[in-house]
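As structure tokens, the structure follows; a few thoughts come after it.
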Amino acid sequence: MEKYIPQEIETKWQKIWQENHSDCCPDDNGKPPYYVLEMFPYPSGNLHMGHVRNYTIGDVIARYRRMNGFNVLHPMGFDAFGMPAENAAIKRNIPPKEWTYSNIANMERQQKALGLSYDWEREVATCHKEYYKWTQWIFELLYKKGLAYRKEAKVNWCESCNTVLANEQVIDGKCWRCDHDVVKKDLKQWFFKITDYADRLLADLNLLEGWPDRVKVMQRNWIGRSEGANFFFDIPEIGEKVEMFSTRIDTVFGSTFVVLAPEHPFVERLIKGKPNEQALRTFIGQMKNQSDLERTSNEAEKVGMFTGAYAVNPLNNEQVPIWIANYVLADYGTGAVMGVAGHDQRDYEFCKKYGIPIHYVIDDPEGNYDFSGNGDTAFTGEGVLMNSGEFNGLTIEEGQKAITKWLEEHHCGKGTVNFRLRDWLISRQRYWGAPIPVIYCEKCGEQLVPEEQLPVELPEDVQFTAGAVSPLATSEKFIHCTCPKCGGPAVRETDTMDTFVCSSWYYLRYTDARNTAKPWDPQKANHWMNVDQYIGGIEHAILHLLYSRFLMKVFHDEGFAEAVEPFERLLTQGMVLKDGSKMSKSKGNVVSPEEILEKYGADTARLFILFAAPPERDLEWSDQGVEGSYRFLNRVWRIAHQFAALAKSGDVGRRDYTEAERELRLKEHASIAKVSADVQGQNGTYALNTAVSAIMELVNAMYAYSNEHTDIHHDVAAEVNTNLLKLLAPFTPHIAEELWHLIGGAGSIHAQTWPQVDEAALVVNSIELPIQINGKVRERITVTPDIGPDILKEKVLAMPRVQEFIGNKNVVKFIVVPKKIINIVIK
Ligand code: ANZ
Ligand code: ZN
């Protein structure tokens with residue numbers, strides 16, 4: 001038997017698979033399509049274990065589906081625009097393009113060394129002009145639909161990245177990429193109108209049964225739908241009405257003040273000429289400098305100042321003071337709130353601090369709440385209206401309906417739905433991205449670059465100066481152009497698109513990756529979409545997954561695809577930890593995939609990662625675990641050789657299988673059933689780790705058999721061996737292929753059909769028979785009920801305890817009462 005040398009067989013098979021295009025899938029070959037996709041990586045330079053885990057999980061599912069008769073689309077590419085390339089350019093003076101392409105080449109080599117079954121002929125990189133041409137085309141599509149627009153806005157600005165960020169990219173007040181504090185800046189920027197799709201993005205979450213609940217909850221909260229009312233209070237002093245949004249219009253009789261955000265447009269007029277104008281201005285300035293997080297978190301201190309002005313509540317004609325406070329945000333609702341201290345905790349704390357009266361208007365039916373106003377909390381429970389005129393006695397829900405109706409009848413308000421979701425800011429003042437295909441003409445204004453002039457190519461003669469100006473603005477050749485409408489001199493937009501635009505449609509490009517006339521052919525997209533199984537990290541729960549869902553709906557509406565959701569099932573894989581914390585360079589606990597491949601080979605790396613934890617859970621790296629996987633593959637290597645030899649010498653004439661053979665087949669088919677169920681997946685949940693244990697059990701059973709027996713029925717040996725290798729094929733593709741050829745398999749093991757469970761083999765059909773010797777039960781034997789009499793006699797007489805009793809006497813009678821008892825008479 002030759003030694004198992006993974007490095008040799010792995011490179012050998014990778015080369016053969018590539019030459020045979022084994023992993024490329026035709027557009028349509030009559031088999032049912034199955035699309036499995038792992039989130040494409042940013043080309044940072046090297047794969048880390050998180051990547052290896054992500055891709056290995058996907059590869060098992062892809063290979064399993066192929067063996068189950070599907071035409072599997074399993075592509076890979078690179079999310080190749082973004083800041084690190086630009087930073088490398090600044091730091092090391094390498095063009096971003098060069099840095100990116102050499103990283104892609106290296107990572108691709110590493111992916112190939114892992115034996116991942118990708119269709120490389122469909123590879124994409126978002127920085128290729130054949131790709132970003134269509135990113136620009138999609139921008140233009142949205143523009144034509146009125147879904148892309150430019151406006152001056154207060155935007156999130158990261159001082160360290162020198163660019164604006166989308167709301168989704170500000171995590172707890174900090175930049176998602178560099179963790180630096182985010183500040184607000186007024187800038188003219190491009191937006192995608194994702195808010196037009198808020199309702200559908202929310203409702204269609206219900207279609208996603210194969211998504212983890214926590215991802216859906218995060219999206220739901222981010223979209224943040226609130227039902228309520230918009231209504232007006234008069235401000236006689238400035239002759240205006242202030243519009244407010246409330247989800248608790250039932251409490252309107254309890255409003256004892258109005259609060260404006262410091263940025264509210266009425267503020268200036270309300271404070272002008274007031275005796276404390278200067279103090280107010282200073283105070284407002286301070287509030288504006290606070291981050292949204294500082295202003296809104298529950299623990300944050302609520303501060304405010306009275307403007308000296310009053311508003312009139314139309315329901316009871318009461319005058320209430322107008323305050324300015326930090327806890328009201330300018331860009332939610334209308335930026336103004338009716339304060340109801342009795343029933344809102346923030347208002348309650350605010351009023352107690354500043355001595356504003358508290359009016360209760362909802363009664364506590366349980367009688368537990370202390371209405372003295374001396375407690376620490378507002379009453380926010382269920383109850384009935386009181387102190388509310390004609391609305392007294394209604395429940396909260398009835399009160400909301402009735403008061404909304406009253407507002408509508410009196411033309412001072414109406415029922416509304418409000419979303420927390422904001423439009424997606426897509427301009428970036430950075431170089432390494434897809435240029436926004438817009439031209440500005442003094443005469444004709446904003447113009448799209450005509451489709452036949454796409455792509456607007458990235459210039460190379462730029463300066464990567466740090467600062468608010470986009471690097472593209474430093475290329476004279478780039479900025480000057482002619483207006484597509486009047487032919488006069490014009491200038492180009494110099495911002496590039498958020499890289500999340502590039503990554504929110506790549507799954508469609510794979511379905512038709514080389515199309516030069518369209519981003520994709522709708523017929524091809526419809527054949528494959530939606531992605532049956534998507535696999536990636538939880539960190540994209542909102543950003544990438546929400547943007548992709550949005551664009552998919554736009555494409556659907558425009559007739560470019562039938563699917564309304566891009567990803568049918570989603571698996572969010574856990575992190576790879578070492579010594580209890582996430583592997584990271586800063587912690588110095590990184591294990592490089594390359595070092596594991598060199599030492600043990602790809603199959604061991606894959607097996608360890610799959611076996612060490614269920615896919616969704618965090619995985620603790622263990623050197624012993626890796627060793628164990630390597631030892632297991634060596635065991636597989638030896639037992640497959642042994643069974644190959646056994647099969648050769650094995651009995652072929654015999655009709656019945658022995659008890660031991662039956663047991664072995666039972667284990668074999670139980671393993672097939674278990675592995676199939678685990679890899680089939682239930683709503684995006686795959687038990688790949690227990691699938692591996694089932695295979696390990698089968699290997700143990702094969703060893704147990706071969707330790708105790710020297711012969712075996714040829715069919716059993718061949719079947720068990722073949723099926724062991726087929727079960728292993730998705731997990732450890734190289735060793736399975738090598739051993740498949742050893743046992744004389746034709747073609748590639750990866751093109752074989754998945755083993756089917758023989759239900760008959762699963763029936764545990766053994767019975768226990770007592771053995772009487774001269775009238776006394778001396779021993780018991782476990783056999784199959786239909787065991788032949790000769791084999792039974794042979795077995796019984798060979799039992800050590802039975803032999804002991806016989807000693808040197810003679811067996812004069814051997815009587816079998818079928819399925820009951822065995823009687824032996826000796827003399
Ligand atoms: C009066 C009231 C009484 C409210 C009450 C609540 C309870 P969600 O559910 O998040 O939509 N609000 C409205 N606009 C705001 C803004 N720009 N900044 C801060 N708070 C704002 O919350 C809606 C509620 O948040 C609204 O309903 C309003 O306070 C406040 F017993 O109006 B409520
Ligand atoms: Zn013009």
Side-chain angles (χ1 to χ4, degrees), residues 154 167 195 198 202 220-233 242-267 287-288 290-298 300-304 311 313-316 318 320 322-351 356-364 369 371 373 377-388 391 395-397 399-400 403-404 407 413 415-422:
K154 253 204 193 340
N167 284 348
T195 52
L202 187 68
R220 228 169 250 136
N221 291 340
W222 185 261
I223 296 166
R225 183 181 195 274
S226 293
E227 275 183 40
N230 269 26
F231 55 96
F232 297 94
F233 281 14
V242 58
E243 183 173 19
M244 294 171 286
F245 169 72
S246 177
T247 48
R248 291 295 305 276
I249 196 65
D250 54 293
T251 63
V252 66
F253 283 83
S255 175
T256 50
F257 63 116
V258 161
V259 201
L260 304 183
E263 298 84 359
H264 195 281
F266 292 171
V267 165
M287 288 191 290
K288 283 186 181 170
Q290 288 184 309
S291 70
D292 284 3
L293 193 76
E294 283 174 284
R295 282 170 57 167
T296 54
S297 88
N298 286 334
E301 213 206 330
K302 288 149 197 69
V303 292
N313 182 341
L315 279 118
N316 55 13
E318 265 175 34
V320 295
I322 303 176
W323 286 65
I324 297 168
N326 63 342
Y327 70 93
V328 172
L329 297 177
D331 61 357
Y332 185 66
T334 62
V337 172
M338 70 163 181
V340 183
H343 305 287
D344 180 275
Q345 188 58 28
R346 290 172 306 179
D347 295 347
Y348 188 77
E349 288 167 24
F350 191 76
C351 286
I356 303 168
I358 301 170
H359 286 175
Y360 289 101
V361 289
I362 306 289
D363 202 1
D364 178 8
Y369 185 78
F371 283 103
T377 53
F379 177 59
T380 54
E382 289 294 321
V384 291
L385 272 63
M386 61 178 180
N387 303 324
S388 298
F391 304 102
T395 64
I396 291 176
E397 208 180 310
Q400 286 175 351
I403 295 175
T404 305
L407 288 167
T416 43
V417 174
N418 208 38
F419 289 92
R420 210 154 269 285
L421 183 68
R422 293 284 92 101

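This one's a predicted model, so the numbers in the text were calculated from it and none came from an experiment. Numbering of ligands and ligand atoms starts at 1, following listing order.
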Audit row: F379, Y360, ring-ring contact (aromatic ring centres under 6.0 Å, His included) steps and yes/no: CA-CA 8 Å; F379 177 59; Y360 289 101; 8.0 Å; no

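Rounding to the nearest 0.5 Å gives a distance of 7.0 Å between CG of L202 and CZ of R225. With values rounded to the nearest 0.5 angstrom, N418 atom CG is found 9.5 Å from T247 atom OG1. How far CD of Q400 is from CG of D250: 4.5 Å, rounded to the nearest 0.5 Å.
Of the possible polar contacts, one joining the D364 side chain to the Y369 backbone as a donor-acceptor pair under 3.5 Å is found. Checked by atom type and distance alone, the side chain of Q345 pairs as donor or acceptor with a backbone atom of A378 at under 3.5 Å.
The shortest heavy-atom distance from N418 to ligand 1 is not under 4.0 Å. Residue G333 places every heavy atom at 4.0 Å or more from ligand 1.
Remark: ligand 1 and H343 share no N or O pair separated by less than 3.5 Å (distance only, no angle test). Taking any N or O of V340, backbone or side chain, none lies under 3.5 Å from an N or O belonging to ligand 1. Taking only nitrogen or oxygen atoms, main chain and side chain alike, D344 does not reach within less than 3.5 Å of ligand 1.
At a heavy-atom distance under 4.0 Å, only side-chain atoms of T251, from C-beta outward, approach ligand 1. The backbone and the side chain of T247 each have at least one atom closer than 4.0 Å to an atom of ligand 1 (non-hydrogen atoms only). Under 4.0 angstrom from ligand 1, the non-hydrogen atoms of S226 all belong to its side chain. Neither the backbone nor the side chain of M244 has a heavy atom within less than 4.0 Å of ligand 1.
With distances taken over non-hydrogen atoms, the option nearest atom 11 (O) of ligand 1 out of F379, Y327, Y332 is Y332.
Within the structure, side-chain hydrogen bond (donor to acceptor under 3.5 Å, both in side chains) contacts touching residues 255-265 (residues at least two apart or in different chains) are E263-R295.
Interface atoms of ligand 1 facing R248, defined by a heavy-atom separation under 4.0 Å, are 2 (C), 3 (C), 5 (C), 6 (C), 7 (C), 31 (F).
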